[in-house]
Each structure stands twice: as C-alpha cells, then as structure tokens.
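All values reported here derive from a predicted model rather than from experimental measurement.
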Amino acid sequence: MSDSAPSQLDPIGGGRAIALIDGNSFYCSCERVFDPKLARVPVIVLSNNDGCAIARTAEAKALGIKMGDPFFKIREQCRRDGVRVFSSNYTLYGDMSSRTNAVYRDFSPRVEIYSIDESFLDLSDVHPDLRIELARDLRATVLAWTGIPTCVGIGPTKTLAKLANHIAKTQPALDGVCDLTDPVAYDHWLCRISASEVWGIGRASATKIEAMGVDTVADLRDLDPRPVRKAMTVVGERIIHELRGVSCLPLELVPAQRKGCAVTRSFSRRVEDRATVEQAVAAHATRLGEKLRREGLGTDHMTVFYHTSTHDRGDPMRSVSTTVTLPEATNDSLVLIQAAQLGVARTWREAPGDRPWRYSKAGVITTDLMPLAASPRALIGQMDRERSGPLMAAMDACNSRFGRGTVVPARAGLTEKRTWSTKFEMRSPRYTTQVAELPTAHA
DNA sequence: TCTGGGGTCCTAGGACCC
DNA sequence: TCTGGGGTCCTAGGACCC
C-alpha cells in the first residue's frame with residue numbers, strides 16, 4: 001500500500017457518502033423568514049401550551065436559555081433581554097419543512113426525511129473532492145429559495161453524518177459544512193468530540209461508556225463491541241460499527257407505515273369535572289380520527305387516559321388508563337369519540353374526600369394500526385363503512401378548506417366552548433397556508 | 001414429590017430521538 | 001397561576017404450549 005494515498009485505497013465506509021442536513025434553530029428560523037425584524041435578535045419558540053422553550057436562536061442560547069426551560073421561569077428574563085417569544089406554529093413549520101425537502105430533492109434523488117427539520121441525502125455518487133462544494137451549494141440554494149439557514153454533515157454512515165452535522169454546527173470555522181468521509185477530517189475530529197454527542201448515546205449510555213473509560217468518539221469507536229452489547233444491547237453495538245464506517249442503518253427512502261398514533265394534551269388549567277374531561281378526550285379522538293384517515297389507517301382499540309400532575313405536590317394524585325376495544329378497525333371519528341367517552345365513563349370516580357382530583361392532562365393512544373382497507377371485518381358489530389367513509393371525507397374536506405374545527409361532530413359537548421384548550425398565546429400567523437394570514441409587503 | 005428443554009407471544013419498562 | 005407531545009426500538013420476564 002502506498003503511503004501517499006491510503007484514503008483512495010481504503011476509504012472509510014467503502015465510498016458511501018450520506019449527508020445530514022438540518023435547519024438551524026429550525027422553528028425560530030421559520031419565524032424569521034416572515035419577520036425581518038427578528039434577524040439578529042434572540043428568538044425562542046415554546047412547546048404546546050406555551051410550556052417550555054423548544055427552539056432557540058444562537059442569540060437566545062447565548063443568554064443562557066436552555067432547551068426545555070419552563071417558560072414561566074424565564075418569562076422575566078425574556079422581557080428584560082428583549083427575547084422574542086413565539087408559541088409553536090406547526091402548520092407553518094410543516095409547510096417550511098416541505099419546501100426545504102423540495103430543494104433537497106434537486107440535489108439528490110435519494111432523500112430520507114428523518115424529522116421535521118432533518119433529512120438524509122445519499123451523496124455516494126458525488127466525487128469525494130466535490131462533496132463539500134456541493135454541500136455549500138445546497139446550503140446557499142436552500143437559504144435563497146426558502147430563507148432557512150442550514151448545516152450539512154457528511155459521513156460514510158448515518159451516525160457519522162449526524163456527528164459531522166454536529167461538528168458543522170458547533171465549529172464556526174467550518175462555515176456550516178463538515179465532511180467525515182475525508183479521512184483527514186475523520187481522524188482529526190473523532191478524537192476531539194465527546195462521545196456523549198454521538199447519536200443514540202443518551203444520559204444512561206453516557207454514564208455506562210464513561211465507566212468503560214470512554215471520553216471521545218474515537219474511544220467509543222475503539223471499544224470491543226461485545227461488552228458494549230451486554231451493557232447497551234444491540235443498539236450500542238450498532239453505534240460502534242457505524243462509527244467505524246460499517247453501515248447498520250440503511251436510508252429509509254419510503255416512509256415506514258406508522259405503528260401507533262396518539263393525541264395527548266395538557267389542559268391549560270386544572271380540570272376537576274367529568275364533562276370537561278369527556279369533552280377533551282372527545283376532541284382528541286376527533287383529531288386522532290383525522291390523523292388516521294389521512295394515512296388510510298384504522299384501529300380496533302384505543303387507550304384513554306387522564307391524570308393529575310406530579311408538579312401539584314400535596315394534591316391527591318390519580319392516574320387513569322383504560323383500553324376500549326372495538327368490534328373491528330375504524331377511523332370514524334364518531335366511533336372513536338364514543339370509545340373515548342366510554343373510557344371516561346368506565347373510570348370516572350368522584351374523589352372520596354372533599355378535595356377533588358385536579359387533572360392536568362388527557363389523551364387517546366392507539367397502537368397496532370392497520371390499513372383500513374385490508375383490515376378484517378367483524379362478524380358481529382360490523383360498521384357501515386359505506387356510509388362512514390364519505391361522511392368523514394366530507395368533514396375532512398370542509399375542515400381542510402375552512403380550517404380545523406369548522407365541522408365537528410355534535411357529540412360530547414364538542415360544540416361547547418373549550419375552556420381547557422391548549423394555550424398558544426403568542427402564535428405567529430400561518431403565513432404560507434392560510435390566505436387570510438398571508439404576510440403583507442409594503443413598498 | 002421431583003425432574004427438562006425447548007418454543008411463542010405478549011406486556012411493561014427503559015432508553016433514546018426530535 | 002404557569003413545567004410539551006409524539007414517536008421508535010429493544011429486552012426481560014411471565015404465561016402458555018408441547
């Protein structure tokens with residue numbers, strides 16, 4: 001083997017190149033696209049119910065605002081430091097996500113959409129010397145066409161691409177692109193990055209590998225996979241192989257059929273009465289039906305739960321969960337609502353003392369979803385799909401055109417005012433998906 | 001009373017991710 | 001007053017069977 005070009009003879013990972021591209025502070029960047037005043041000021045986006053910070057711009061991070069910080073704890077600081085605060089606007093973020101992915105597809109036909117702000121691209125066909133240049137072009141094009149700033153990490157495996165992306169994000173000198181298919185970069189960075197940054201190493205695993213003497217990613221890569229498997233299951237073993245350039249996680253070009261679906265929400269205030277809990281789970285069941293219908297899936301059982309909050313120390317605690325079985329699979333909101341109500345009816349109790357249970361959250365969960373068209377029919381209790389299908393389709397069409405909640409089943413008090421609904425007090429307009437909320441330009 | 005060696009399926013819980 | 005929501009995968013252990 002020649003000393004001069006070992007990388008040509010033995011490229012890490014056999015020449016495969018996977019890129020991971022993601023939006024920087026994605027939700028915040030979406031807000032910035034439509035409001036130039038947000039440029040260069042600290043911005044955060046809150047979780048559902050305006051609970052805690054889930055996206056922060058660099059300026060907000062510099063102020064010490066942490067991922068998951070409860071908003072009520074940082075509200076004062078935000079006011080003082082001029083942090084612009086937004087409720088989450090998933091309609092907007094989902095649409096911006098589609099736009100970025102449309103650009104990605106111009107650069108690679110093989111794209112896996114991994115999450116709302118991250119996609120893997122197969123760049124194996126791009127010559128090694130051109131990968132960085134292509135990644136820069138990709139970033140520039142996404143920024144020009146969607147307004148979203150991104151970072152790109154390239155590696156021979158998904159795990160190394162994720163690591164490269166992390167490096168691109170945290171090393172300003174790299175200008176948003178890091179290529180770990182380059183053996184020089186690979187050797188340089190793996191012994192400089194903490195192993196706890198590796199994709200799949202969470203808190204528990206970080207403690208375990210630390211006990212094995214691991215500090216850097218290179219240390220983790222060089223562990224014997226067998227004891228790692230003992231301690232961290234096959235998941236840990238896969239990470240070792242992936243860090244060595246042996247691919248264990250293929251690109252999923254076709255999204256897998258989802259296995260479960262849930263709609264769960266905290267109440268905006270504590271809830272003590274049965275009618276409100278029933279109304280909430282009925283609303284969640286309605287939403288569940290919409291989600292299932294969009295993907296042609298059905299379910300023949302639904303778990304209903306509601307519980308008090310662990311934060312309410314001193315209050316009586318109660319956590320309820322029950323599974324309602326249906327005669328056959330369905331995605332009909334009317335049936336799902338009935339099931340949700342039954343779940344509450346079965347489990348509702350009045351508190352024994354004079355202190356009522358103060359519920360904080362309720363939800364509906366389904367698992368074992370199946371394509372409705374292929375699901376077995378019941379002998380007894382068969383539902384009228386010929387009627388339900390078109391009815392639900394008509395309802396979905398109205399709600400899609402005129403906004404969610406325009407048509408609701410007249411059940412379970414769904415037409416009554418919802419006093420428990422999740423808070424979104426600082427939500428931006430749905431700039432890109434509602435004509436009435438289009439941004440206005442003044443010239 | 002004690003003695004065996006497989007299997008499968010299901011569930012709960014842990015861990016991790018975004 | 002106020003602390004998100006929605007997923008996936010893996011394993012251990014119990015129940016049950018032959």
Side-chain angles (χ1 to χ4, degrees), chain A residues 20 22-23 25-27 44-56 65-76 78 85-90 93-94 97 112-120 158-159 162 165-166 196-209 228-239 248-249 252 255-271 284 287-288 291-292 295 297 301 303 305 307-313 315 321 323 358 360-369 420-427:
Chain A
L20 178 75
D22 75 339
S25 316
F26 181 65
Y27 295 170
I44 63 171
V45 172
L46 302 177
S47 65
N48 269 335
N49 227 13
D50 295 342
C52 45
I54 54 169
R56 309 153 296 149
I65 297 176
K66 300 275 181 303
M67 186 74 170
D69 272 355
F71 182 51
F72 75 92
K73 283 190 182 165
I74 57 171
R75 185 192 296 266
E76 246 326 285
C78 289
V85 181
F86 290 87
S87 305
S88 41
N89 184 346
Y90 288 105
Y93 311 149
S97 173
E112 172 186 338
I113 300 175
Y114 175 67
S115 76
I116 192 164
D117 75 324
E118 290 173 84
S119 292
F120 289 103
K158 283 179 156 183
T159 303
K162 283 283 274 188
N165 179 277
H166 167 77
S196 61
E197 302 293 347
V198 170
W199 191 34
I201 302 294
R203 251 204 2 240
S205 301
T207 308
K208 285 179 193 161
I209 58 176
V228 171
R229 181 173 188 140
K230 263 237 149 42
M232 295 161 58
T233 80
V234 67
V235 177
E237 189 180 6
R238 272 202 290 255
I239 290 172
C248 306
L249 305 167
E252 316 267 356
Q257 188 199 290
R258 72 155 80 227
K259 298 183 163 66
C261 191
V263 179
T264 72
R265 293 281 181 282
S266 295
F267 299 126
S268 56
R269 57 173 178 84
R270 296 291 182 256
V271 166
H284 299 336
R287 179 82 189 106
L288 184 77
K291 288 169 78 173
L292 295 182
E295 296 176 43
L297 300 172
H301 58 265
T303 299
F305 77 83
H307 59 68
T308 56
S309 169
T310 52
H311 298 297
D312 295 342
R313 274 188 280 275
D315 279 5
S321 170
T323 299
R358 302 168 65 241
S360 64
K361 183 172 178 176
V364 293
I365 302 170
T366 57
T367 51
D368 309 307
L369 301 178
W420 49 270
S421 289
T422 308
K423 272 192 288 195
F424 294 97
E425 287 171 352
M426 295 155 285
R427 178 138 71 190

Watson-Crick or G-U wobble partner of C:dC10, both distances under 3.5 Å: B:dG13

For chain A, the stretch of DNA chain B it reaches, first to last nucleotide, under 4.0 Å of its heavy atoms: B:dA15 to B:dC18

Sugar-phosphate only, base, or nothing, as touched by A:Asp69 at under 4.0 Å among non-hydrogen atoms: nothing

5' priority, DNA chain C, between A:Ala262 and A:Pro70 [closest heavy atom]: A:Pro70

Touch class at under 4.0 angstrom, heavy-atom based, for A:Lys230 against every strand present: nothing

Validation row, ring centre A:Tyr27 to ring centre A:Tyr90 under 6.0 Å: yes

Ion pair A:Asp315/A:Arg270, N-O distance below 4.0 Å: no

Between B:dG4 and C:dC17 - C1' atom distance, rounded Å: 14 Å

Sugar-phosphate, base or nothing in reach of A:Lys208, heavy atoms under 4.0 Å: nothing

Sugar-phosphate only, base, or nothing, as touched by A:Ile365 at under 4.0 Å among non-hydrogen atoms: nothing

A:Asp117 side chain to A:Asp22 backbone, donor-acceptor under 3.5 Å: no

A:Leu369 side chain near A:Cys261 side chain, heavy-atom distance below 4.5 Å: yes

Sugar-phosphate only, base, or nothing, as touched by A:Tyr114 at under 4.0 Å among non-hydrogen atoms: sugar-phosphate

Check: A:Cys52 main-chain N/O paired with A:Ser47 side-chain donor or acceptor under 3.5 Å: yes

Nearest-nucleotide 5' precedence on DNA chain C, A:Arg238 against A:Lys423: A:Lys423

Sugar-phosphate only, base, or nothing, as touched by A:Arg203 at under 4.0 Å among non-hydrogen atoms: sugar-phosphate

Close side-chain approach of A:Asp368 and A:Lys259, heavy atoms under 4.5 Å: no

Sugar-phosphate, base or nothing in reach of A:Arg75, heavy atoms under 4.0 Å: nothing

Sugar-phosphate, base or nothing in reach of A:Thr422, heavy atoms under 4.0 Å: nothing

Sugar-phosphate, base or nothing in reach of A:Arg229, heavy atoms under 4.0 Å: nothing

Ring geometry between A:Trp199 and A:Phe120 (parallel below 30°, tilted from 30 to 60°, perpendicular above 60°): tilted

Sugar-phosphate only, base, or nothing, as touched by A:Gly68 at under 4.0 Å among non-hydrogen atoms: nothing

Touch class at under 4.0 angstrom, heavy-atom based, for A:Lys361 against every strand present: sugar-phosphate

